[in-house]
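Just follow the structure's listing: the first ligand is 1, and inside any ligand the first atom is 1. Small disclaimer: the values here were computed from a predicted structure and weren't measured.
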Amino acid sequence: MNVAQPIEWTDKGVVMLDQRRLPGEVIRHTYADYRDVAAAIKDMVIRGAPAIGVAAAMGVALGVERSKARTLEELRAEFLSICQTIAGTRPTAVDLFWAVERMSRSFEQLAAANTPLDALRRAMVEEARAIHAEKKAIDEAIGCFGAELMPATGQVMTQCNAGALATAGIGTALGVIRVAVEQGHKLRVLVPETRPYLQGARLTAWELREGGIPLTLITDNMVGHFMKTGSVAAVVVGADRIAANGDTANKIGTYQIAVLAHEHGVPFYVAAPVSTFDLTISSGEQIPIEERSADEVTHLCGVRIAPDVTVANPAFDVTPARLVSAIICERGVARAPYVESLRRLAGSK
Ligand code: MRU
């Protein structure tokens with residue numbers, strides 16, 4: 001499947017497709033310093049929970065690879081500071097912390113085995129590349145499980161961008177749609193623009209058009225109308241963090257889509273890897289919600305569209321589990337009660 005590559009590891013450093021410039025320009029940046037990788041995550045050069053996880057792992061690996069430390073103790077001190085910098089970029093997507101934790105486990109295992117520093121540096125790079133490679137297989141599996149839930153024909157709504165740009169694979173929500181279309185489902189995707197950052201209009205519309213998947217772009221306030229007129233057969237969205245009870249944080253606007261889907265009897269599916277489960281928290285109330293800059297609301301493509309007033313800009317909202325018809329991950333499909341089904345899938349391999 002031919003999809004966009006948001007991130008790559010190269011000898012020169014971490015290469016990222018600049019998602020802030022899409023769809024107008026397709027440009028890439030090479031980062032040779034982990035602090036620049038952290039800034040790129042914060043500034044949305046790369047975004048989407050699983051892709052942020054890959055970027056975090058590569059950022060940590062880059063920091064270790066380029067470190068001038070000459071002893072394990074020096075390297076460990078630097079490593080902790082690298083992890084802290086990367087972990088401090090965006091608070092909601094748990095994949096970021098999952099990736100940092102996995103890199104930390106790997107570091108400590110290598111250290112415990114008295115691995116020489118050069119070999120340790122190489123192994124950390126390999127671990128980051130392994131995380132990247134795994135994402136591709138994970139998305140394919142999510143796509144296969146999810147395709148079975150897609151209608152044979154009709155319109156499917158999504159939110160934000162949960163495609164290749166967001167995962168470094170084929171996408172989670174868009175991966176489900178891609179696989180279904182490949183299997184012969186006749187689907188059209190209804191794409192809400194996803195204000196304020198316009199991931200729907202800029203990224204999902206671009207990705208679907210590049211992939212030859214039919215779509216209709218709508219503004220966010222048209223969702224109710226299309227639900228009511230019966231032209232939505234299903235909703236499938238990604239996730240940034242799923243609590244143990246199935247409450248799901250995703251891009252702002254997801255909750256209102258879920259409420260409308262419930263009102264109109266439309267199934268509402270969440271597609272996400274196990275790395276997006278956060279079983280350490282019992283409900284969505286404990287999910288930290290990132291508050292982003294007021295400029296994203298008062299400005300559109302750099303042009304002021306509102307006076308200088310008080311602005312709220314929560315980047316995510318939480319959809320309660322009771323509105324979620326199923327959660328599709330790489331190990332299968334979880335249904336309510338999620339406390340049991342998510343625990344079972346997280347524990348299985
Ligand atoms: O702020 P973003 O663009 O990083 O938010 C992305 C989303 O909310 C996605 O829907 C989510 O991360 C899932 S991506 C497979």
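- Between A315 and ligand 1 there is no heavy-atom distance shorter than 4.0 Å.
- Both V176 and L215 are assigned to one and the same hydrophobic cluster, defined by single-linkage of ILVMFWY side chains at heavy-atom distances under 4.5 Å.
- Residue contact annotation: A93 has no non-hydrogen atom under 4.0 Å from ligand 1.
- To the nearest 0.5 angstrom, L17 atom CG is 9.5 Å from Q5 atom CD.
- Annotation for ligand 1: atoms under 4.0 Å from non-hydrogen atoms of K251 are 1 (O), 2 (P), 5 (O), 8 (O).
- Here the side chain of R241 pairs no donor or acceptor atom with the backbone of D247 at under 3.5 angstrom.
- Enclosure of atom CD in E74 by more than 12 non-hydrogen atoms of other residues, nucleotides or ligands within 6.0 angstrom is indicated.
- Polar contact check, G48 against ligand 1: a nitrogen or oxygen pair lies under 3.5 Å apart.
- Close contacts between ligand 1 and A166 involve ligand atoms 14 (S), 15 (C) [criterion: under 4.0 Å to a heavy atom].
- Checked for salt-bridge contact, R195 and D220 miss the test: no charged N lies under 4.0 Å from a carboxylate O.
- Within the 4.0 Å heavy-atom cutoff, E290 does not count among the residues contacting ligand 1.
- Salt-bridge annotation for R76 and E73: present, with a side-chain N of the basic residue lying under 4.0 Å from a carboxylate O of the acidic one.
- Every atom of ligand 1 is numbered from 1 in the order shown, and the set under 4.0 Å from a heavy atom of T172 is 15 (C).
- Distance check: I177 CD1 to H185 NE2 gives 11.5 Å after rounding to the nearest 0.5 Å.
- The residues R129 and E134 are annotated as not salt-bridged, no charged nitrogen and carboxylate oxygen being separated by less than 4.0 angstrom.
- Compare I46, T167, D240 by their heavy atoms: the one nearest to atom 8 (O) of ligand 1 is in D240.
- At least one heavy atom of F316 lies less than 4.0 angstrom from ligand 1.
- Distances below 4.0 Å separate heavy atoms of Q199 from the following atoms of ligand 1: 1 (O), 2 (P), 3 (O).
- Neither the backbone nor the side chain of A51 has any atom closer than 4.0 Å to an atom of ligand 1 (non-hydrogen atoms only).
- For atom 10 (O) of ligand 1, the nearest non-hydrogen atom of the protein is N250 OD1, 2.6 Å.
- Ion pairing between a basic and an acidic side chain is recognised when a charged N comes within 4.0 Å of a carboxylate O; K42 and E290 show no such pairing.
- The distance from ligand 1 to the heavy atoms of M44 drops below 4.0 Å at these ligand atoms: 1 (O), 3 (O).
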